[in-house]
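One structure is given below, encoded as structure tokens.
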Number of protein chains: 2
Amino acid sequence: MAPSRSGPNLSRIATSLGVSVATVSNALSGKGRVSGQLIERIREHAAELGYVPSQAGRALRTGRSGVLGLVLPDIANPLFPKIAQAIEFAASAAGYGVLIADSRGDIATQTEAIDRLVERGVDGMIVIPRRATRISSTTCPVAIIDTPSTPGNTVSADHWQGGREIADHLADLGHRHILIIGNNQESSVQNDRVGGIRAGMRPGMHSETLWIDRLEQDGGRGCPLGLAEKARQGFTAFAALSDLQALRALTELQQAGVNVPADVSVTGFDDLIWSPVVTPSLTTVRMDMDRIAGIAVSALVATIRANRIREGMLVTAEIERVAMQLIVRQSSGPAKPAPETSEPKT
Amino acid sequence: MAPSRSGPNLSRIATSLGVSVATVSNALSGKGRVSGQLIERIREHAAELGYVPSQAGRALRTGRSGVLGLVLPDIANPLFPKIAQAIEFAASAAGYGVLIADSRGDIATQTEAIDRLVERGVDGMIVIPRRATRISSTTCPVAIIDTPSTPGNTVSADHWQGGREIADHLADLGHRHILIIGNNQESSVQNDRVGGIRAGMRPGMHSETLWIDRLEQDGGRGCPLGLAEKARQGFTAFAALSDLQALRALTELQQAGVNVPADVSVTGFDDLIWSPVVTPSLTTVRMDMDRIAGIAVSALVATIRANRIREGMLVTAEIERVAMQLIVRQSSGPAKPAPETSEPKT
DNA sequence: CTGAAAGCGCTTACAG
DNA sequence: CTGAAAGCGCTTACAG
């Protein structure tokens, strides 16, 4: 015999009330024609019994699980918790549960994670892909959150425009020599940001990009990036491609006795949790996670509602770009007039 | 008619192979007695067809969903992503999916989230409760991750012992006047940590606790904690109750021209992502998330496997405490001999 | 070793 | 307005 559930089911409510299960189902869902009075009685009784509908039964019957999958590369990376939260908000507002799968930054794991989600019967999924992965067609609708430079049905922040915001801000403050600090030349997000910053250079401005190998300091022993030296060479603004790198830059400069923002400005990207907490608080650029998550989830939900499941379905035909917003805090300020040499040595 | 799935089901494999669904099911699961040869044929054919078992059907039949719920207060809080990741690892290694529910720090939402997870048919759940919440008994096994000071079946890091590690470390370095910095007097985690630090004070040592109202700086305009002044008063060590506060302290001191670790030491808790990244890298105390998650998940899985679902079942009779580990980095060093006054003014 | 049958809980045409 | 019945896909005793 199949095991029965702990709680009451439709049939128990039905017999206990002397009506049919169909009527109970209709009354509870408000779908079939049931007299107002009976609806009342049934709902009351169901609540009394603490009836909880079985998702398994419903899913089997309707072919819908009411669950969305979320695949991300590494939730411990400080950028993703916010987006995961925004997706959970949006999904749960739309009545969906969220099944997470952390692909641990690994492509094979990502593929496997996607398969597992399909097995679990998700109605659709949102994938934040590992760097430049193409998602092989799956058996359910997929929305991708990535860079605009990724081809396909993607929603994303406009990282390039975010870069322009930074460039404009620094230009307005009179900075002419900008050191861009990144840690991953393969990242399309970082490349888009660099592209935006460069495109925002005005006549007489000049930028140079420093790629850091390792963000952590080796064994805690410290291996400075030589930023104080860069400041001496004439760079007055340090534009990091993420707040984590901005933090690295900010603290190294402070430790070296370079004052931020009096001597040099530091900016970041992403408005991560510590940005408003550090001294000086960090000027950065924020993406509207709620908006991005909302677009992805509602595109997904619309597809699920409209169509039956089809092979490798993608939910957005066009790429959606969501504007990033500049947050000016204390770490950026007017450029100091160049000291002796106006042209930094390279 | 009920909608049929996109992919093949047992019945299709069965007819296509001229055997019964029971045999196919047995062959695939390896349970009933099926001849080796037939098993081979069936599995091959299933793979060829790209058969994916329906979780809905299985769940309905077995009463198990193969999914665990994870309820947490705020996944954007930097402490939780790591634990969420560890839980996802452990669960997925045990063959379970993880449905997340972010309670947004709100107790009502937390209750609702738990109900929703039950509706979705999770086999068990892990709750990281909002501050000092008691979990009302639910219809499925529950494991709680919290402080040891929480009563009930809880697994947790030993925050008190973590505090002792910090106190011992600072004492060994010769520090006598310790300023403890916290931001939440209601938090049992922070109180346990304070308790541990205080308990580790040696004769001649003295500590004072500073509770910060707001971690962020108001509107980015800056509202210093007055730590430089505290340093002048004779405090040589600043023990923050979390790395975020440590970061606040570290950058404020640096900005004020106080050198860390030459002038004063700064320590944190939790080994968050930026701890090894800042200059100087941060001495902190780490909890073994993998261990905690492993204990919670395996206790849950064992309960699920052993018993049928019962009302408000709790999975661990005893509180499990997992030791925290001191990570010494550059932000802590030998105490400077006290300047003029050895007794700090309070 | 293999198959026929029941049943998990639900929803949805359809008949009354 | 209400009910009887079919069926979603699976697993598990049970019979052969």
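We use all heavy atoms of the structure for the numbers below, so side chains are in, but hydrogens, waters and symmetry mates are not. Chain letters run A, B, ... following the sequence lines, proteins first, then strands; residues in each count from 1.
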Give the minimum heavy-atom separation between A:L300 and A:G124, together with the two atoms involved.
CD2-C, 4.2 Å
Return the value, rounded to whole Å, for the distance between atom CZ of A:R41 and atom P of D:dT2.
10 Å
Its dot-bracket string being built from Watson-Crick and G-U pairs below 3.5 Å, with | for another strand and [ ] for crossing, DNA chain D has the pattern |||.||||||||.|||
Check whether any side-chain N or O of A:K31 sits under 4.0 Å from OP1 or OP2 of C:dT12, and answer yes or no.
yes
Given 3.5 Å as the limit, does a donor-acceptor pair link the side chain of A:D158 with the main chain of A:A323, or not?
no
Would one find more than 12 heavy atoms of other residues, nucleotides or ligands at under 6.0 Å from atom CZ of B:R291?
no
Test side chain to side chain contact (heavy atoms under 4.5 Å, CB included) on B:M289 and B:L79; report intermediate values, then the result.
CA-CA 10 Å; B:M289 295 296 195; B:L79 187 57; 4.0 Å; yes
Hey, mind stepping through B:I87 and B:I126 against side chain to side chain contact (heavy atoms under 4.5 Å, CB included) and telling me if it holds?
CA-CA 9 Å; B:I87 287 169; B:I126 294 170; 3.9 Å; yes
Output yes when at least one side-chain N/O atom of A:T23 is less than 4.0 Å from OP1 or OP2 of D:dG3, else no.
yes
Between A:V21 and B:V34, which is nearer to the 5' end of DNA chain C once each is assigned its nearest nucleotide?
B:V34
Salt bridge check: are A:E119 and B:R58 linked by an N-O gap of less than 4.0 Å?
no
Check whether any side-chain N or O of B:S25 sits under 4.0 Å from OP1 or OP2 of D:dT11, and answer yes or no.
yes
Would you say B:R120's side chain and A:G66's backbone share a donor-acceptor pair under 3.5 angstrom?
yes
Whole Å only: how far is the CZ atom of A:R64 from the P atom of C:dG9?
23 Å
Give me, pair by pair, the N or O atoms of the protein and of nucleotides 14-16 of chain D that are less than 3.5 Å apart, along with how far apart they are.
none

Between C:dG3, C:dG9, D:dG9, which nucleotide gets closest to the side-chain atoms of A:R61?
C:dG9
Any idea which heavy atoms bring A:V71 and A:Q110 closest together, and the distance?
CG1-CG, 4.2 Å
If you check the A:A22 side chain, which of C:dA4, D:dA5, C:dC10 turns out closest?
D:dA5
Rounded interatomic separation in angstrom, taking CD from B:E119 and P from C:dG9:
16 Å
I need the minimum non-hydrogen distance between B:Y51 and B:P8, along with the two atoms involved.
CD1-O, 3.3 Å
In whole angstrom, give the distance that lies between atom CG of B:L28 and atom P of D:dG9.
15 Å
Starting from C1' on D:dG3, measure out to CD1 on A:I42 and report it in whole angstrom.
12 Å
Which heavy atom of A:S20 sits nearest to which heavy atom of A:A14, and what is that distance?
C-CB, 3.7 Å
Measure CD/B:Q37 against P/C:dC1 and give the value in whole Å, please.
12 Å
Spacing between B:L17 atom CG and C:dT2 atom P, to the nearest angstrom
12 Å
Winner on side-chain proximity to A:L10, out of C:dC8, D:dC10, C:dT11, is C:dT11
For a quick test of reading the model: is some side-chain N or O of B:R58 closer than 4.0 Å to OP1 or OP2 of D:dT11?
yes
Upstream residue (5' side of DNA chain C) when A:A56 and A:N26 are each assigned their closest nucleotide:
A:A56
What's the CG-P distance between A:N9 and C:dT11, to the nearest Å?
12 Å
At under 4.0 Å, does any side-chain N or O of B:S20 touch on OP1 or OP2 of C:dG3?
yes
At under 4.0 Å, does any side-chain N or O of B:S35 touch on OP1 or OP2 of C:dT2?
yes
